[in-house]
Q: 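Mind looking over this structure? Questions follow.
All ligand and atom numbering here is 1-based and tracks the order in the structure. Both backbone and side-chain heavy atoms feed into the values below; hydrogens, waters and symmetry mates do not. Numbering starts at 1 and runs along the sequence shown.
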Amino acid sequence: MKALSSKIGPLLCSLCVLCALCVLCDKALALDREAFTFTKYDLDVRIEPDQQRLGVRGKLTVRNDSTTPQADLALQVSSSLDWRSIRIAGKPAQFVTHEYTSDVDHTGALSEAVVSLPHDIPPKSTLEIEIGYEGTIPLDVTRLTRIGVPEDKAKHTDWDEIGKSFSAVRGIGYVVWYPVATEAASLSDGNSVAETIGRWKAREAQAELKAKLTNSGEGVPTLLLCNGEGSQQAQERMSKHFANTTECRYPTLGMTVPLFAIGSYSGLDKPPVNISYLADHKSGAENYALAANLAAPLVKEWFGGSQPATDIRRAEVIELADPDAAPFESGTMLLTPLVDSDSRLYLLRAVHQLTHAAFPSPRPWIYEGLAHFAQSLEREQQNGRHAAIDFMGQHRAAIVDTEKAIAAEHSQTTAAGESLINTGIEEFYRSKAMYVWWMLRDMVGDDALKKALAAYRADDDKETAYIQHLIEAQSKRDLEWFFDEWVYRDHGLPDFHVESAYPRSTVDGHSVVTITIENLGDAGAEVPVSLRFDGGEATKRLEVRAKSKAVLRLEATGTPQEIRINDGSVPESDLANDSYKIEVKP
Ligand SMILES: [Zn+2]
């Protein structure tokens, strides 16, 4: 009898496991993870840096935004956290948890709770849920090392952790420290991570998040900083023990990724920036403040007119403890190491940050594109047009590669193009958008573009063509074709070459060269064309539409030698065919 039960025992047990797995599989298959929008978060977050621990209790409101009634709900947090309780209408809810592989978290996985709802939730209905989860947030580079990034490099990119002396934790895309619900995404699968996070942010743009964050420990109290509004501080102290509470509110999340940092911060408040720096780094903070001061006039000249000066948000800088950490920006807040003595680097970062503060826009290609464009303007102001073009050139290869990858994807799946107005790809809404702004500036001139930008109001930007019309009104130029090929659709990049060049002598002994330029690409552009001759150079701009040819004439006062298309200000797929030697017939 004893022998029998000892055999049945494990058998029953493995059956249980099997049942549990089946239930889980069934649910996972039927589950629409992106059916619910999380409309409201009210979280009580307790952080114990000494233990690297995070514990959260709170309430969520979710709304079924799908078209069918939902019987289950997915709740996901970082895989280093565990679900402790889920209650609906005051009663414990039924749920199963499992690890869900996804690269929207630094650990490369999520702790997913699949909740069986007490009754089906019809479309448009909301539900309130009480939740509890906890665990640790250590430094974790799993998702990067498994795609081959060396660990030493990875830890300066995925630097998020709750650590004894310093903590910095970003939200979705880095550490899922508040609950989300997304389909799996993998860094080895094209742009799936960016696309998944983009979908989540779009769904959550109107959501409200309130978090009461308490950091506690022994010894010297540390300060918690976050990127929300209305932070209030409450301090408790009992002998060696301290507890600091900070309220962080996000009335609407917009594109913000909620983040917090904890450290022994000191403050340096020097308009236009407010800097929180770590011990011994006051000189770094002062260098940054100086750079911001130097950057301010250029930013004001180009971007200062779109909102009243009193509405311009102060730029915030929060120092990261790792001196090699990759900087991270969230709206007008910048997380960055402050140990650099490279003043040029600080100047570039400050120009970018102040442009964000001066020029809010709900459209990433405008918001980020202009901040990067401002950096090229700054390079131009310091060292001339060549320096600006060199600076932009650092982004060109990434744009070309991304266009190629998308083109390859299209031929397989005929997916919709990654237009600047829709894209979630950084190489596009940052780098490609920067070039688009530079090309527009070259086309319409500084004055017209500055006036158009000054007329821009973020609240009025409802139609995709709003900015196009502002620029057209100032420049009196039809820009529809340009916006259509570069902004509203993704037409790839132009590819120019000289089709023919005919020099002809003039009566005054000079010569005129008739040049035909062909654009092999699907995006048109206005491009500078230069003719080098003995003793000089002549340059004109020429509009060459997609898959078209255009002709211009350039005059030479000496023997014509070489034609050069594109000084680098137009991003082209192929630069190798941009020069053309003129053979002078004897
Ligand atoms: Zn930015």
Q: Do H352 and E329 pair up side chain to side chain, a donor and an acceptor below 3.5 Å, judged on atom types alone?
A: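 Present: a donor and an acceptor within the cut-off.
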Q: Quick one: side chain to side chain donor-acceptor pair (under 3.5 Å) partners of Y456, sequence neighbours excluded?
A: S361, D461
Q: Report the residue from W486, W437, Y429, F428 that forms a ring-ring contact (aromatic ring centres under 6.0 Å, His included) with W365.
A: W437
Q: If you measure only the distance, is there a donor-acceptor pair under 3.5 Å linking the side chains of T39 and Q206?
A: no
Q: Pair K432, D490 - check salt bridge (Lys or Arg N to Asp or Glu O under 4.0 Å), show working.
A: CA-CA 11 Å; K432 189 176 171 183; D490 172 28; 3.1 Å; yes
Q: Quick one, N227 with S330, criterion side chain to side chain donor-acceptor pair (under 3.5 Å). Give me CA distance, side-chain angles, the key distance, then yes/no.
A: CA-CA 7 Å; N227 58 348; S330 164; 2.8 Å; yes
Q: Sorted by chain and residue number, which protein N/O/S atoms are under 2.8 Å from the Zn ion (ligand 1)?
A: E329 OE1, E329 OE2, H352 NE2, H356 NE2, E368 OE1, E368 OE2
